[in-house]
*Asks:* 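This structure is in structure tokens; I'll ask about it shortly.
Heavy-atom basis, side chains included; hydrogens, waters and symmetry copies ignored. This structure is a prediction, so every number in the text was calculated from the model and none was measured.
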Amino acid sequence: MTELNNKPESGGQTFRKVLGFTFRHWARQPVRVTAVALASLLGALADVLTPHYAGQLVDALTHGGAASSAAWHAAVVAFWALTALGLGGTIMRQAAYRNIITLTLRMMSEIATQAFHRVQRFSTDWHANSFAGSTVRKITRGMWALDLLNDTLLVALFPSLVMLVGSTILLSVQWHVMGLVVGLGSAVYLAITVSLSLFYVAPSARLANQWDTKMGGALADAISCNAVVKAFGAETREEARLARVVTKWSSRTRRTWQRGTLNGGVQGALLVGMQAAILGAALLLWARGLASVGDITFALTLFFLLKGYLRDVGMHVRNLQRSVNDMEELVALDAAPLGIEDQRDAPPIVIDQGDIRFENMTFRYGDHADARALYENLTLRIAPGERVGLVGHSGSGKTTLIKLIQRLYDVSGGRITIDGQDIARVQQASLRSQIAIVQQEPVLFHRSLAENIAYARPGATHAEIERAAKLASAHDFITALPHGYDTLVGERGVKLSGGERQRVAIARAFLANAPILIFDEATSSLDSESEVLIQQAMERLMEGRTTVVVAHRLSTVRALDRLLVLERGRVAEEGTHDALVRRENGLYRRLFERQALELTKGLADDVILR
């Protein structure tokens, strides 16, 4: 898995990247963030002031009693102040919670949409090297981690820090020594808590998350290939393979939880030390007559309130560390380069003729200049309306050539033009929308047949969909199904046969009505009956379009206008089928004779078996 081979970043780098990502999204809702922060601040200030009035109430009760008007007045004032602070704090917290719900949901929606937008536009290589299940796990785990991160920063950690600072100031005003104990103790507590979370728990959590991602990928891989698993009776083998991943995940997760538990134990011990220091200081002040009973009540109330906040700070820091780790892969996904990007202000391409030209085109896989070039200084023209076949041994560059036409890869040198327009300088979406492709293994969505056919033109009417299906020789088998065009085809079209999927893909290409058409070994894995139907549909579809046909079966390309025989990234031979077959010791002739021999042998074996 590529996820486990990435060079790990330091905890500080991860925190900076994740928090920077979060703050950029906060900047899109400044009023909402300000409202949450202000409400949280006011709620925390209400808690800071509560111990002060609690101390005044105790002093009023112990010094004057109910008979003293001054004591009664002081007690009533303290009573109403405590009530107002309690009610005000509750209202402020409710305001913070209501605003953070809207803030977080909007951010989660934006992040999910943005991640999906980027994933769809990542390069072909990126998708080839990534598990769909792992990618989904990164996005969903990161979304929910954002919920925890927002709560932690805005309605948990921020009020806690306000409480710590406010308590230190209040105590310092009355007793410098007490303020010093609280301030210094809080600073030491926070420093140790953050350090343990950042440098002790976080690295372990990061590794656990990577194995969690790998587990999601392994599950998706086995489930999506269940037909192959069943075909080889390999259920037990796949379960054993997953068990190895689960064991690793369990081991890494156990270590993370154990470190988190130890972190919590250290925080508890620090709180006990702070408690002893504050209570000891309060007793000394009382013994020397420097503090009244109300003062002691104030100090104790503030400490117990502070203790709760400090204990929560430890939990909040752990939650912050966990949410940052859970968002790490989502943030990395957001920062990853797209691979193939549109130029700024790139115009849409306009294709009228379908004139394709390769002008001194060089292409090599990878970013290294010293990598071997698959194509080097290739110059080639496919004329408007011309039907061209690409043939050659596996690895000769046939499929790469059609991917270059679609700009699924960028060329290393030279350029590719269509109707005189450099395809690297136009919008990718506009280019691909005008190229209809029928692949060797067409991928269908788990949607209805009508939706799959109309994917090329979502606004198509049912009559247009039916007409396309008829042209593709698909209408008869579709209407024979119980639900006809409303039939769901299963994931990737698994409920249909190979020939049926191929005809649906051709119907989709008919409906696209694109000026350029590509067939990528569209008949290589079909039975003879299906091949005949599909070849007939292909011939109808090719009329009036610039067509490129990649073929393994040479019978598919015999009637094309021109054949290009590729060998190691170059055009070794070109011409019509008849001309190439007559060429002595020609590469195409050898390929044709070998296939003819294999076909003859296959027919003979069939006769013997019968």
*Asks:* Please check this pair: side chain of Ser323 against backbone of Leu320, looking for a donor-acceptor N/O pair closer than 3.5 Å.
*Replies:*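 Between the backbone of Leu320 and the side chain of Ser323 there is a qualifying donor-acceptor contact (under 3.5 Å).
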
*Asks:* For a quick test of reading the model, state the closest non-hydrogen atom pair linking Asp147 to Met108 and the distance between them.
*Replies:*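 In this case the closest contact between Asp147 and Met108 is CB-SD, 4.2 Å.
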
*Asks:* Does Val350 offer a backbone N or O that forms a donor-acceptor pair with the side chain of Gln421 under 3.5 Å?
*Replies:*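 Yes; judged by distance alone, with no hydrogens or angles, the pair exists.
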
*Asks:* With a 6.0 Å cut-off (strictly less than), is the heavy-atom count around CZ of Arg432, excluding the residue itself, greater than 12?
*Replies:*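 Counting other residues, nucleotides and ligands, CZ of Arg432 exceeds 12 neighbours.
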
*Asks:* How about Arg540: does its CZ atom have over 12 heavy atoms from other parts shown lying under 6.0 Å from it?
*Replies:*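 Above 12, so yes.
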
*Asks:* With side chain to side chain contact (heavy atoms under 4.5 Å, CB included) as the test, would you mind laying out the steps for Leu580 and Arg589 before giving the verdict?
*Replies:* CA-CA 6 Å; Leu580 292 174; Arg589 178 169 176 168; over 6 Å; no

*Asks:* Regarding Asn513 and Arg545, is there a side-chain donor-to-acceptor distance under 3.5 Å anywhere?
*Replies:*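 The criterion, which ignores hydrogens and geometry beyond distance, is satisfied for Arg545 and Asn513.
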
*Asks:* Working to the nearest 0.5 angstrom, can you tell me the gap between Ile100 CD1 and Asp151 CG?
*Replies:*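 Answer for the CD1-CG pair, Ile100 versus Asp151, is 4.5 Å.
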
*Asks:* Taking all atoms of both residues into account, what is the closest heavy-atom pair of Trp249 and Trp211, and its distance?
*Replies:*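 Looks like CA-CB, 3.9 Å.
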
*Asks:* Main chain of Leu587, side chain of Glu573: is a donor-acceptor contact present, judged purely on distance under 3.5 Å?
*Replies:*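 Yes.
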
*Asks:* In terms of the angle between their ring planes, are His577 and Phe592 parallel, tilted or perpendicular, with boundaries placed at 30° and 60°?
*Replies:*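 Because their plane-to-plane angle is over 60°, the rings of His577 and Phe592 count as perpendicular.
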
*Asks:* Give a yes or no on this: more than 12 heavy atoms of other residues, nucleotides or ligands lie within 6.0 Å of atom CZ of Phe23.
*Replies:*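 Yes, enclosed.
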
*Asks:* Can you tell me how far apart CZ (Arg141) and CE (Met327) are? Round to the nearest 0.5 Å.
*Replies:*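 If we round to the nearest 0.5 Å, Arg141:CZ and Met327:CE are 11.5 Å apart.
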
*Asks:* For the backbone of Phe477 and the side chain of Glu500, can you confirm whether one donor and one acceptor N or O come within less than 3.5 Å of each other?
*Replies:*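 The answer is no, because no donor-acceptor pair under 3.5 Å joins these two groups.
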
*Asks:* Using 0.5 Å steps for rounding, measure from the CD atom of Glu451 to the CG atom of Leu449.
*Replies:*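 So the gap between those two atoms works out to 10.0 Å.
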
*Asks:* Can you tell me which residue among Arg508, Lys470, Arg457 is in a salt bridge (Lys or Arg N to Asp or Glu O under 4.0 Å) with Glu464?
*Replies:*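 Going through Arg508, Lys470, Arg457 one by one, the salt bridge (Lys or Arg N to Asp or Glu O under 4.0 Å) with Glu464 is satisfied by Arg457 alone.
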
*Asks:* Between Leu591 and Gly392, what is the shortest heavy-atom contact and its length?
*Replies:*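 In this case the closest contact between Leu591 and Gly392 is CD1-CA, 4.1 Å.
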
*Asks:* Between the side chain of Asn452 and the main-chain N/O of Phe445, is any donor-acceptor distance below 3.5 Å?
*Replies:*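 Looks like yes, one N/O pair under 3.5 Å.
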
*Asks:* Can any side-chain N or O of Ser430 pair as donor or acceptor with the backbone N or O of Ile349 at less than 3.5 Å?
*Replies:*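 Present.
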
*Asks:* What is the minimum heavy-atom distance between Leu511 and Ala460, and which atoms define it?
*Replies:*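 Result for this residue pair: CD2-CB, 3.7 Å.
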
*Asks:* Check this for me: Arg28, atom CZ, are more than 12 non-hydrogen atoms of other residues, nucleotides or ligands nearer than 6.0 Å?
*Replies:*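 Count over threshold, so yes.
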
*Asks:* Looking at every non-hydrogen atom in both residues, tell me the closest pair between Leu431 and Gln406 and how far apart they are.
*Replies:*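 Looks like CD2-O, 3.6 Å.
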
*Asks:* Assess, by modelled atom type and distance only, whether the side chains of Asp419 and Gln353 contain a donor and an acceptor separated by less than 3.5 Å.
*Replies:*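 No - no donor-acceptor pair under 3.5 Å links their side chains.
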
*Asks:* State the CG-NZ distance between Leu566 and Lys398, to the nearest 0.5 angstrom.
*Replies:*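 The CG atom of Leu566 sits 7.5 Å away from the NZ atom of Lys398.
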
*Asks:* Are any side-chain N or O atoms of Glu110 and backbone N or O atoms of His25, one a donor and one an acceptor, separated by less than 3.5 Å?
*Replies:*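 Judged by distance alone, no pair lies under 3.5 Å.
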
*Asks:* Near Lys495 NZ, under 6.0 Å, is it more than 12 heavy atoms from other residues, nucleotides or ligands?
*Replies:*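 Enclosed: over 12 neighbouring heavy atoms sit under 6.0 Å from NZ of Lys495.
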
*Asks:* Does Leu207 offer a backbone N or O that forms a donor-acceptor pair with the side chain of Arg252 under 3.5 Å?
*Replies:*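 Looks like no, no N/O pair under 3.5 Å.
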
*Asks:* Apply salt bridge (Lys or Arg N to Asp or Glu O under 4.0 Å) to Arg121 and Asp342, showing your working.
*Replies:* CA-CA 10 Å; Arg121 286 159 178 77; Asp342 286 339; over 6 Å; no

*Asks:* Of the non-hydrogen atoms in Leu330 and Lys138, which two are nearest, and what is the gap between them?
*Replies:*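 Residues Leu330 and Lys138, closest heavy atoms: CB-O, 3.9 Å.
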
*Asks:* Distance from Ile139 atom CD1 to Glu329 atom CD, nearest 0.5 Å?
*Replies:*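 Nearest 0.5 Å value for the CD1-CD distance: 11.0 Å.
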
*Asks:* Determine yes or no for a side-chain-to-main-chain donor-acceptor pair under 3.5 angstrom, with Arg118 supplying the side chain and Ala336 the backbone.
*Replies:*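 Pair found, side chain donor or acceptor close to backbone of Ala336.
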
*Asks:* Using the side-chain contact (heavy atoms from CB on, under 4.5 Å) rule, pick out the option among Val557, Ile356, Ile382 that qualifies with Val388.
*Replies:*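 Among the candidates, only Ile382 passes.
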
*Asks:* Going from CG on Asn360 to CG on Leu380, what distance comes out if it is rounded to the nearest 0.5 angstrom?
*Replies:*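 One finds 12.0 Å between CG of Asn360 and CG of Leu380.
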
*Asks:* Under a 3.5 Å distance rule, please check whether Tyr375 uses its side chain to pair with a backbone N or O of Gly397 as donor and acceptor.
*Replies:*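 Yes, the answer is positive, given that a donor and an acceptor are paired below the 3.5 Å cut-off.
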
*Asks:* Does a sphere of radius 6.0 Å around CZ in Arg568 hold more than 12 heavy atoms from other residues, nucleotides or ligands, not counting ones at 6.0 Å or beyond?
*Replies:*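 No, because the 6.0 Å sphere around CZ of Arg568 holds 12 heavy atoms or fewer from other groups.
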
